[in-house]
Amino acid sequence: MKHFIPAQNFTRTRIGAAAVAASVAGALLIGSGPVHATAISPADSASADRLSITVHPNELGNQLHSGFIGLSFGAATVAQDNYASTDLGGYLRTLGRTGVIRIGGNSGDTTFWTSTGEPAPSWATSGTITPGKLHQLATIVRGAGWKVILAVNLKHPDPARAGDEAKYARQIFGDSLLAIEIGNEPNFYYSSVAAYYADFESYVAAIEQAVPGVGITGPDAETNHSSWLGAFAALEAGHPDVTEISDHTYPTSACGTSTATIPELLGTGSVQYETANAQAALSAAAQLGVPAAMTETNSTVCAGTPGVSDAFASALWALDYSLLIAQQGIVSADFMGGTNAVGCDPYTPLCPTTGDLTARPIYYGMLATELVGAGRFAALDNPDAASVRAYAVRHGHRLTVVLDDVQDPATNGATTVTLNLGGNFRSGRLTALTTSSSAGLSATTDITLGEQQVGQHGTFLPPRSTPVSVRNQTATVTLPAGSAAIIQLD
């Protein structure tokens with residue numbers, strides 16, 4: 001069972017802030033179907049809730065890094081060549097010119113590495129990884145300009161074998177190898193952090209001997225074991241081996257008899273849980289002077305819940321969650337995906353089909369995050385963060401504001417948002433993340449980003465945007481419930 005702790009304030013509220021004049025022209029309406037630039041009519045104004053958000057564009061915080069969005073696959077996908085016949089590289093390039101694929105997951109505990117053709121032991125039920133399998137992955141990764149974090153099996157300890165795998169990984173991936181991950185969620189097979197750390201150090205020694213200077217990540221604890229992070233950092237503090245603290249976060253669960261719901265996923269309890277996990281990772285990383293990353297994450301642990309993890313709600317969640325943890329200082333988030341005996345896991349961003357992949361709804365939220373672009377987060381005051389999540393990112397003179405209305409459109413109307421920009425911006429452009437399906441948050445089809453859909457082989461045409469008028473350092477947009485807007489202001 002998850003235990004939520006109070007989240008640190010992820011929006012800033014100033015008491016007694018000056019009221020902003022409501023009569024601002026040039027509002028936009030986004031939502032189902034095409035996006036059109038229109039002024040809000042008196043009837044529209046009367047039917048929409050109102051929200052005033054103040055941005056402080058010169059009060060800058062953490063960096064939103066280029067390549068923040070990544071993917072995480074189970075080691076079985078490499079052993080079984082699940083993606084070898086697909087154009088995975090095209091979907092990676094669409095997500096960005098840089099990024100990380102992390103290979104690990106639960107199947108990392110049941111895959112076997114050999115560089116000499118040894119027969120696999122009986123426990124290797126997820127297959128065997130060989131240099132040839134790594135070559136296939138390397139071709140995809142290098143073609144996309146991405147990097148790899150490769151997990152080695154720790155559940156069945158064999159430091160020498162791990163060193164051999166790391167050696168081949170460096171030879172095959174070259175500079176595309178970001179790091180070696182030692183084990184996956186060791187809290188499930190070690191009784192204590194101290195017991196885990198003893199074997200971790202044996203692995204580090206073997207890997208360093210085989211591949212001097214290669215990056216190391218850890219401890220990759222399961223989503224409900226963030227306490228491992230601090231204990232691991234305390235043991236590492238005297239002589240840090242890791243180049244990155246890695247953690248896993250899933251705000252909802254489908255394990256056992258649990259079933260996630262859309263209100264749970266988009267609720268403030270998930271925000272609190274995500275914030276607590278991010279803060280635990282950042283605290284451990286600060287002790288060691290290294291960055292912190294979510295190397296395995298998604299909406300719902302244990303492969304996701306149908307109707308939630310594979311629905312449009314997951315796209316809105318992914319956009320909000322990514323910006324939430326990036327704003328706190330997390331450097332990347334690798335979204336877990338995969339297949340099962342009867343098809344694709346509900347939470348997977350990409351579902352293999354014959355000769356290609358299908359982009360699921362969550363992929364659109366990941367793509368929307370990448371569309372925000374790199375920059376530093378700017379402070380803002382948002383009095384209704386439970387309903388409309390808001391973020392601001394500054395890059396040079398450009399300010400990008402993201403509005404994510406997580407309310408159910410079946411029971412909520414549009415919100416007219418007044419943006420007090422705090423600077424001299426001349427004009428803006430709005431790109432919408434929305435669905436035209438009557439299913440709303442439960443939609444699995446008819447999802448668009450900038451009126452475009454992800455096509456075959458990852459093709460994605462330049463998103464369309466609509467103009468936003470700025471007058472007296474103020475802009476107004478109307479945001480339907482269950483949609484998001486990315487507003488770039490220059």
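Nothing fancy with the numbering, it's 1 onward along the sequence.
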| request: Return yes if some donor-acceptor pair links the side-chain N/O of S465 with the main-chain N/O of T431 below 3.5 Å, else return no. | output: no
| note | OG1 of T217 to CG of D241, rounded to nearest 0.5 Å, is 12.0 Å
| query | Does some side-chain heavy atom of L449 sit less than 4.5 Å from a side-chain heavy atom of F460? | reply | yes
| request: Can you spot which of D220, N277, N298 makes a side chain to side chain donor-acceptor pair (under 3.5 Å) with H248? | output: D220
| Are the side chain of D404 and the backbone N or O of R389 linked by a donor-acceptor pair below 3.5 Å? | no
| message | Would Q136 and D81 count as a side chain to side chain contact (heavy atoms under 4.5 Å, CB included) here? Give the steps. | response | CA-CA 8 Å; Q136 292 180 2; D81 293 329; 2.9 Å; yes
| task | Report yes if some heavy atom in the side chain of V193 is under 4.5 Å from a heavy atom in the side chain of L235; otherwise report no. | result | yes
| Euclidean distance, I140 CD1 relative to D87 CG, rounded to 0.5 Å | 8.5 Å
| Is there a side-chain contact between V406 and S387, using heavy atoms and a 4.5 Å cut-off? | no
| task | Go through the steps to decide whether R376 and V393 satisfy the test side chain to side chain contact (heavy atoms under 4.5 Å, CB included), and finish with yes or no. | result | CA-CA 5 Å; R376 292 180 64 187; V393 176; over 6 Å; no
| request: Determine the interplanar angle of the F232 and F200 rings, folded into 0 to 90°, and report it as parallel if under 30°, tilted if 30 to 60°, perpendicular if over 60°. | output: perpendicular
| Ring geometry between Y190 and Y196 (parallel below 30°, tilted from 30 to 60°, perpendicular above 60°) | perpendicular
| message | For the residue pair E185 / N187, report whether a side-chain donor-acceptor contact shorter than 3.5 Å exists. | response | no
| request: Would you kindly say whether E296 and Y250 are connected by a side-chain donor-acceptor distance under 3.5 Å? | output: yes
| message | With a 4.5 Å cut-off on side-chain heavy atoms, are L95 and W146 touching? | response | yes
| query | Are Y364 and Q453 linked by a side-chain donor-acceptor pair shorter than 3.5 Å? | reply | no
| message | Within the structure provided, determine whether E165 and L150 are in side-chain contact (heavy-atom separation under 4.5 Å). | response | yes
| request: To the nearest 0.5 angstrom, please state how far the CD atom of E264 sits from the OG1 atom of T261. | output: 5.0 Å
| Exceeds 12 heavy-atom contacts within 6.0 angstrom, atom NE2 of H397 | yes
| Spacing of S322 atom OG and M294 atom CE [to the nearest 0.5 Å] | 11.0 Å
| Do you know the tightest heavy-atom contact between L433 and A368? | CD2-CB, 4.3 Å
| request: For S253 and C255, work out which heavy atoms get closest and say how close. | output: OG-N, 3.0 Å
| said: Under a 3.5 Å distance rule, please check whether D158 uses its side chain to pair with a backbone N or O of R161 as donor and acceptor. | reply: yes
| said: Around atom CD of Q456, are there more than 12 heavy atoms from other residues, nucleotides or ligands closer than 6.0 Å? | reply: no
| request: Check whether any side-chain heavy atom of C351 lies under 4.5 Å from a side-chain heavy atom of L357, and answer yes or no. | output: no
| field | Aromatic plane relationship, Y168 with W113 - under 30° parallel, 30 to 60° tilted, over 60° perpendicular | value | tilted
| task | Any chance you could measure I330, atom CD1, to Y321, atom OH, to the nearest 0.5 Å? | result | 7.5 Å
| query | How close do T305 and A254 get, heavy atom to heavy atom, and via which atoms? | reply | OG1-CB, 3.5 Å
| query | If every non-hydrogen atom of W317 is compared with every non-hydrogen atom of I362, which pair is closest and at what distance? | reply | CZ3-CD1, 3.9 Å
| query | T223 and Y273: side chain to side chain donor-acceptor pair (under 3.5 Å), yes or no, with the steps? | reply | CA-CA 10 Å; T223 186; Y273 184 76; 2.9 Å; yes
| message | Go through it in stages, so that I can follow the logic: the residues are R102 and D334, the test is salt bridge (Lys or Arg N to Asp or Glu O under 4.0 Å), and I'd like the CA-CA distance, side-chain angles, deciding distance and then a yes or no. | response | CA-CA 7 Å; R102 173 261 189 175; D334 304 332; over 6 Å; no
| message | Determine whether V271 and D320 satisfy the following criterion, side chain to side chain contact (heavy atoms under 4.5 Å, CB included), listing intermediate values before the conclusion. | response | CA-CA 9 Å; V271 173; D320 174 52; 4.2 Å; yes
| What pair of heavy atoms forms the shortest contact from P251 to S270, and how long is it? | CB-OG, 3.6 Å
| task | Look at the side chain of T435 and the backbone N and O of T445, then say whether any donor-acceptor pair between them is shorter than 3.5 Å. | result | yes
| field | Check against side chain to side chain contact (heavy atoms under 4.5 Å, CB included), L323 and F68 | value | CA-CA 10 Å; L323 296 178; F68 179 85; over 6 Å; no
| request: Could you tell me whether the side chain of T111 and the main chain of S107 form a donor-acceptor pair under 3.5 Å? | output: yes
| task | Measure the shortest side-chain to side-chain distance between Y91 and Y363 over non-hydrogen atoms and say whether it is less than 4.5 angstrom. | result | yes
| message | Assess the residue pair T110 and S126 against the criterion (side chain to side chain donor-acceptor pair (under 3.5 Å)); give the C-alpha distance rounded to whole Å, side-chain angles, the decisive distance to 0.1 Å, and a yes or no. | response | CA-CA 5 Å; T110 51; S126 295; 2.6 Å; yes
| query | So, for V141 and K147, which heavy atoms are closest and what is the spacing to 0.1 Å? | reply | CG1-N, 3.9 Å
| query | Do the charged groups of D164 and K167 touch, with an N to O distance under 4.0 Å? | reply | yes
| query | Do any N or O atoms from the side chain of T249 and from the backbone of T297 form a donor-acceptor pair under 3.5 angstrom? | reply | no
| field | CG-CE distance between L350 and M366, expressed to the nearest 0.5 angstrom | value | 7.0 Å
| field | Backbone of A311 reached by a side-chain donor or acceptor of S314 within 3.5 Å | value | yes
| Are the side chain of T94 and the backbone N or O of G90 linked by a donor-acceptor pair below 3.5 Å? | yes
| request: Please confirm whether the backbone N or O of N153 pairs with a side-chain atom of Y203, one donor and one acceptor, at under 3.5 Å? | output: yes
| request: Measure from the side-chain N and O atoms of S72 to the backbone N and O of M336, and report whether any donor-acceptor pair falls under 3.5 Å. | output: no
| How about R429 and I487: do any of their side-chain heavy atoms sit closer than 4.5 Å? | no
| said: I need the single residue from V290, I216, I149 that forms a side-chain contact (heavy atoms from CB on, under 4.5 Å) with E244. Which is it? | reply: I149
